[in-house]
Amino acid sequence: MKNPEIEKRIKDLLGRMTLEEKAGQLHQAGGSIVGAFDLSFEEILTMVADGRMTEEEAHKMISTAKRDWHEDDLRAGRIGSYLGLVGSEEMNRMQHIAVEETRLGIPLINGFDVIHGFRTIAPIPLAESCAWEPDLWQRTARMAAEEATAAGIQMTFSPMVDVSKDPRWGRIAESAGEDALLNGLYGEAKVRGYQTDDLTRHDALAACVKHFAAYGAAEGGRDYNRVDMSPQRFEEEYLPSYERAVKAGARAVMPAFNDLNGVPCSVNKKLLTDILRGRWGFDGMTISDANAIAECINHGIAADRREAACLALNAGMDMDMTSGCFLDHVKELVEAGEISMEKLDEAVSDILRLKFELGLFDDPYRSDAEQEKAAMLTPAHLALAREAAQKSMVLLKNDGLLPLKEGARIGLAGALASDGDEMSGTWAGAVQPGDCRSIRDGLDEEKISYAMVTEEPLPDCDVFLCAIGERKAESGEAASRASLELTDADIALLKRLKESGKPVAAVVFAGRPLCLGPAAEYADAILMAWHPGTEAGPAILDLLFGRVNPSAKLTASFPAATGQCPTLYYDHIRTGRPAGKFKYTSKYLDAPVEPLFPFGFGLSYTGYRYSDITAAQTEGGIHAEITVQNTGDRPGSEIVQCYFRDPAARRVRPVRKLAAFEKADLQPGESKRIAFDIPETALGYYDQDMNFVIDDGLIEIHIGGNARDTLQADVRFIREK
């Protein structure tokens with residue numbers, strides 16, 4: 001609900017603004033001549049070679065480390081926001097120009113990609129989602145907000161809630177995996193953690209939900225590629241996660257790069273106006289992704305930058321990230337009657353509203369150098385980063401090797417075992433060299449005996465720890481992969497260690513599911529560490545030595561072969577010829593039917609027994625219960641997962657769908673009765689005519705420790721008429 005006092009101030013300000021000043025508020029500027037992109041030397045040379053940059057511009061970029069923040073444009077009222085301006089002193093300098101040296105004194109809002117931490121880095125989102133713990137997700141967001149705001153940032157381009165069912169897509173690293181419910185709950189928690197319940201707080205960070213919509217369904221897993229899907233699938237599998245994050249109170253939304261059924265999201269009125277504002281009642285700010293408005297020319301939906309600006313603003317886009325299309329063309333478009341003044345004022349109002357909500361008009365200077373320094377890498381933040389890493393790493397295999405005995409002599413293999421800087425993963429905020437600790441760093445700090453594996457001969461040891469997988473640049477944006485197989489070098493190293501006769505524990509670093517068949521063959525244990533952040537090394541050792549019992553479970557299926565992608569996700573649609581021994585069924589001739597590790601899978605150092613499942617219809621849906629017992633001799637946390645299946649519906653439905661989950665803490669021998677309430681709306685779907693329907697009839701309830709291994713109870717569900 002809009003604040004009447006803020007709306008009054010917005011109206012007053014709009015009445016005093018010139019058309020040029022209004023256009024300026026729509027422009028987010030980057031700190032370099034190419035906008036939002038940090039370019040390597042090779043990329044700069046390529047841009048010079050193909051004419052996108054002059055030699056003079058290239059020389060300027062290479063020869064000066066200081067960015068050009070376009071202060072003259074700021075003084076002229078041509079900038080409403082900055083992207084990537086990091087540092088409280090620099091931000092205060094620019095804010096002073098905006099507040100003290102422009103005609104109307106409108107403050108800036110500064111945005112930055114604070115994805116999984118700022119200086120203290122938590123595990124990448126895909127990893128952290130494997131904790132299945134909304135409270136943890138909220139706490140790490142709060143940590144990130146405290147550090148980022150101290151460095152002069154007021155808005156983060158996070159959370160990303162793009163459901164991703166294809167691990168070839170590099171940005172699966174930034175998502176909560178392949179399920180809509182998990183992505184939505186993740187988004188809710190992050191929004192609350194970033195923003196708190198009072199945006200005027202100096203440590204409150206405005207959340208920008210992205211990428212609206214269905215970016216995770218890019219064809220073939222190729223980044224920026226088309227998305228073409230039925231309206232039913234869009235509504236059921238992809239849209240709900242954005243809605244949850246928006247209704248949690250996020251104050252900004254970023255449309256996706258991709259087109260959706262032929263209309264780029266940056267100019268998609270159905271998304272930005274009809275759904276976002278009309279159906280959901282969103283009254284915050286929309287902002288394009290970097291250069292995305294100009295790229296509508298490449299899409300082929302706009303002839304030039306002027307038309308792209310017209311289409312985007314009329315569709316419901318408020319702010320243009322770095323392309324300059326709004327800045328260059330909005331004035332003439334309004335004067336020509338192609339954009340109404342009312343439409344322009346709506347966009348400017350959305351931007352001003354967020355600035356007022358953040359308290360920037362009354363309190364524009366939020367931090368200083370001393371506060372900034374004190375906020376970074378605090379003991380509390382480091383402890384939280386370690387906890388998050390412990391809860392995010394998934395034990396995929398253990399043939400009795402783990403936990404290691406204290407005093408075990410370690411043979412440490414693999415370059416990633418010693419490279420702390422690779423632990424941060426993609427989009428790692430303002431991390432600096434040396435911030436993140438490797439396995440080797442952890443061993444050194446704890447004075448644990450180890451020898452590095454180099455060439456022959458192999459060191460004499462009790463066990464080999466072998467670090468394999470991806471470097472951080474091999475996942476994330478613009479890092480789609482055609483093959484998810486381990487490298488030949490990683491496979492050769494595992495085989496060499498296995499042939500020594502000593503046990504091998506593989507520690508896998510990656511930003512996505514990989515094909516780990518060779519690791520499963522040659523390693524006695526596999527710990528999926530992902531890219532775990534600042535406290536990587538210590539957290540890995542905590543798990544390997546059993547000081548912490550692994551509890552994480554996968555939120556994305558792990559393929560047995562790349563060629564399975566993307567058909568192996570847990571909630572795939574049923575087929576008339578489900579896979580079986582008979583030839584004419586839905587399968588590959590040269591790959592297993594099932595994923596190597598299913599959705600929801602994860603081992604522990606203890607065991608859990610499921611029994612006595614019951615389910616019954618209630619007034620509002622279905623109530624289900626199950627007994628879970630810790631059968632081992634260690635305390636543990638089991639993520640109990642509740643799924644449902646509609647065996648006969650008016651449209652083909654998934655094999656099963658996640659409805660709820662609970663993390664149960666159990667002492668050795670302890671049993672707990674775990675209960676779930678599934679609202680009847682969760683059972684619904686869209687029929688062929690896009691009517692939302694809920695069927696009467698049999699509903700199967702499946703509860704267990706992963707999507708594959710469950711107990712079943714049936715309910716005859718009859719809706720009240």
Under a 3.5 Å cutoff, is there a donor and acceptor pairing between the side chains of Glu147 and His381? yes
From CA spacing to verdict: side-chain contact (heavy atoms from CB on, under 4.5 Å), Arg251, Met285: CA-CA 6 Å; Arg251 299 309 295 141; Met285 184 183 87; over 6 Å; no
For a quick test of reading the model, state the closest non-hydrogen atom pair linking Ile301 to Leu311 and the distance between them. O-CD1, 3.5 Å
Any side-chain heavy-atom pair of Leu13 and Ile106 under 4.5 Å: yes
So Arg437 and Thr534, side-chain contact (heavy atoms from CB on, under 4.5 Å) or not? Walk me through it. CA-CA 6 Å; Arg437 296 191 284 172; Thr534 303; over 6 Å; no
Between Arg306 and Glu338, does any side-chain N to carboxylate O distance fall below 4.0 Å? yes
Using 4.0 Å as the upper bound for N to carboxylate O, is an ion pair formed by Arg78 and Glu20? no
Does Tyr224 form a side-chain hydrogen bond (donor to acceptor under 3.5 Å, both in side chains) with Glu477? I'd like the steps, not just the answer. CA-CA 9 Å; Tyr224 318 117; Glu477 186 171 358; 2.8 Å; yes
Check: Asp441 side chain, Ser438 main-chain N or O, donor-acceptor pair, under 3.5 Å: yes
Closest non-hydrogen atoms of Gly511 and Ile124, given as atom of the first, atom of the second and distance, are CA-CD1, 3.6 Å
If the condition is side-chain contact (heavy atoms from CB on, under 4.5 Å), which residues does Glu474 pass it with, not counting sequence neighbours? Glu470, Arg471
Salt-bridge criterion met for Asp274 and Lys269 (N-O under 4.0 Å): yes
Okay, side chain of Thr378, backbone of Ala375: is any donor-acceptor separation there less than 3.5 Å? no
Between Asn258 and His211, is there a side-chain donor-acceptor contact under 3.5 Å, judged purely by atom types and distance? no
I'd like to know if Glu387 and Arg139 make a salt bridge, using a cut-off of under 4.0 Å between side-chain N and carboxylate O. yes
Between Ser88 and Glu372, does any side-chain donor sit less than 3.5 Å from a side-chain acceptor? yes
Trp137 CH2: over 12 foreign heavy atoms closer than 6.0 Å: yes
Before accepting this row, confirm whether a basic side-chain N of the pair Arg16/Asp12 lies closer than 4.0 Å to the acidic partner's carboxylate O. yes
Looking at Thr120 and Ala385, what are the two nearest heavy atoms and their distance? CG2-CB, 3.8 Å
So, does Trp169 use its side chain to make a donor-acceptor pair with the main chain of Ser480 at under 3.5 Å? no
Any Met341 side-chain heavy atom under 4.5 Å of Lys22 side chain: yes
Can you name the closest pair of heavy atoms from Asp223 and Ala478 and give their distance? OD2-N, 2.7 Å
Verify the distance criterion only: is there a donor paired with an acceptor across the side chains of Gln195 and Lys190 at less than 3.5 Å? no
Roughly how far, to the nearest 0.5 Å, is the CZ atom of Arg142 from the OG1 atom of Thr140? 11.0 Å
Where is the tightest heavy-atom contact between Glu146 and Thr149, given as atom of each residue plus distance? O-OG1, 3.4 Å
Minimum heavy-atom separation for Ala98 to Pro107, with atom names? CB-CA, 4.4 Å
Testing the 3.5 Å rule here: is there a donor-acceptor pair between the side chains of Ser349 and Lys11? no
Just do the side-chain hydrogen bond (donor to acceptor under 3.5 Å, both in side chains) check on Asp198 and Thr196 with the steps written out, would you? CA-CA 6 Å; Asp198 180 6; Thr196 74; over 6 Å; no
Sub-4.5 Å side-chain heavy-atom contact between Pro125 and Tyr186: yes
Donor-acceptor pair, distance only, cut-off 3.5 Å: does the side chain of Ser367 make one with the backbone of Ala150? yes
Taking the six-membered ring for Trp, are Phe361 and Phe356 parallel (under 30°), tilted (30 to 60°) or perpendicular (over 60°)? parallel
Between the side chains of Glu335 and Lys331, is the shortest nitrogen-to-carboxylate-oxygen separation below 4.0 Å, so that they form an ion pair? yes
Could you check whether any side-chain heavy atom of Asp289 comes within less than 4.5 Å of a side-chain heavy atom of Pro255, counting everything from C-beta outward? no
Once side-chain contact (heavy atoms from CB on, under 4.5 Å) is applied, do any residues pair with Lys2, and if so which ones, sequence neighbours excluded? Glu7, Asp283, Arg353
Just how far is it from atom CG of Leu354 to atom CG of Leu360, taken to the nearest 0.5 Å? 8.0 Å
Would Ser266 and Met317 satisfy side-chain contact (heavy atoms from CB on, under 4.5 Å), going step by step from the backbone distance to the final call? CA-CA 7 Å; Ser266 300; Met317 186 79 80; 3.8 Å; yes
Using 0.5 Å steps for rounding, measure from the CG atom of Leu333 to the SG atom of Cys310. 5.0 Å
Between Lys210 and Glu174, does a side-chain contact (heavy atoms from CB on, under 4.5 Å) hold up when you go through it step by step? CA-CA 10 Å; Lys210 65 183 188 185; Glu174 300 173 56; 4.1 Å; yes
Measuring only between side-chain heavy atoms, which start at C-beta, is Leu327 closer than 4.5 Å to Leu26? no
Considering residues, nucleotides and ligands other than Glu100, do more than 12 of their heavy atoms fall under 6.0 Å from its CD? yes
In the structure I gave you, are the side-chain heavy atoms of His116 and Glu128 within less than 4.5 Å of one another anywhere? no
Quick one about Ser175 and Asp162 (side-chain donor to acceptor, distance below 3.5 Å, no hydrogens or angles considered), yes or no? no
Check this for me, if you would: do Lys343 and Glu346 make a salt bridge, where the nitrogen-to-carboxylate-oxygen distance has to be below 4.0 angstrom? yes
Side-chain donor-acceptor contact under 3.5 Å, His27 with Asp320: no
Between the side chain of Asp362 and the main-chain N/O of Gly359, is any donor-acceptor distance below 3.5 Å? no
To the closest 0.5 Å, what do you measure between CG (Asn110) and CG (Leu83)? 8.0 Å
I'd like to know if Asp113 and Arg171 make a salt bridge, using a cut-off of under 4.0 Å between side-chain N and carboxylate O. no
Quick test of your reading of the model: are Lys472 and Asp419 salt-bridged, counting only N-O distances below 4.0 Å? no
Scan side-chain atoms only and decide if Ser158 and Tyr194 contain a donor-acceptor pair under the 3.5 Å cut-off. yes
Flag the pair Met254 / Val209 as yes when at least one side-chain heavy-atom distance between them is below 4.5 Å, and no otherwise. no
Met321 backbone acceptor or donor facing Ser288 side chain under 3.5 Å: yes
Separation between CG of Leu108 and NE2 of His96, rounded to the nearest 0.5 Å: 12.5 Å
Mark yes or no for whether Arg103, through its side chain, and Arg75, through its backbone, hold a donor-acceptor pair below 3.5 Å. no
Regarding Gln95 and Tyr82, is there a side-chain donor-to-acceptor distance under 3.5 Å anywhere? no
Relative to each other, are the rings of Tyr242 and Phe212 parallel, tilted or perpendicular (30° and 60° limits)? perpendicular
Below 4.5 Å, heavy atoms only, C-beta onward: do Phe118 and Ile153 meet side chain to side chain? yes
Rounded to the nearest 0.5 Å, how far apart are CG of Leu377 and CG of Leu382? 5.5 Å
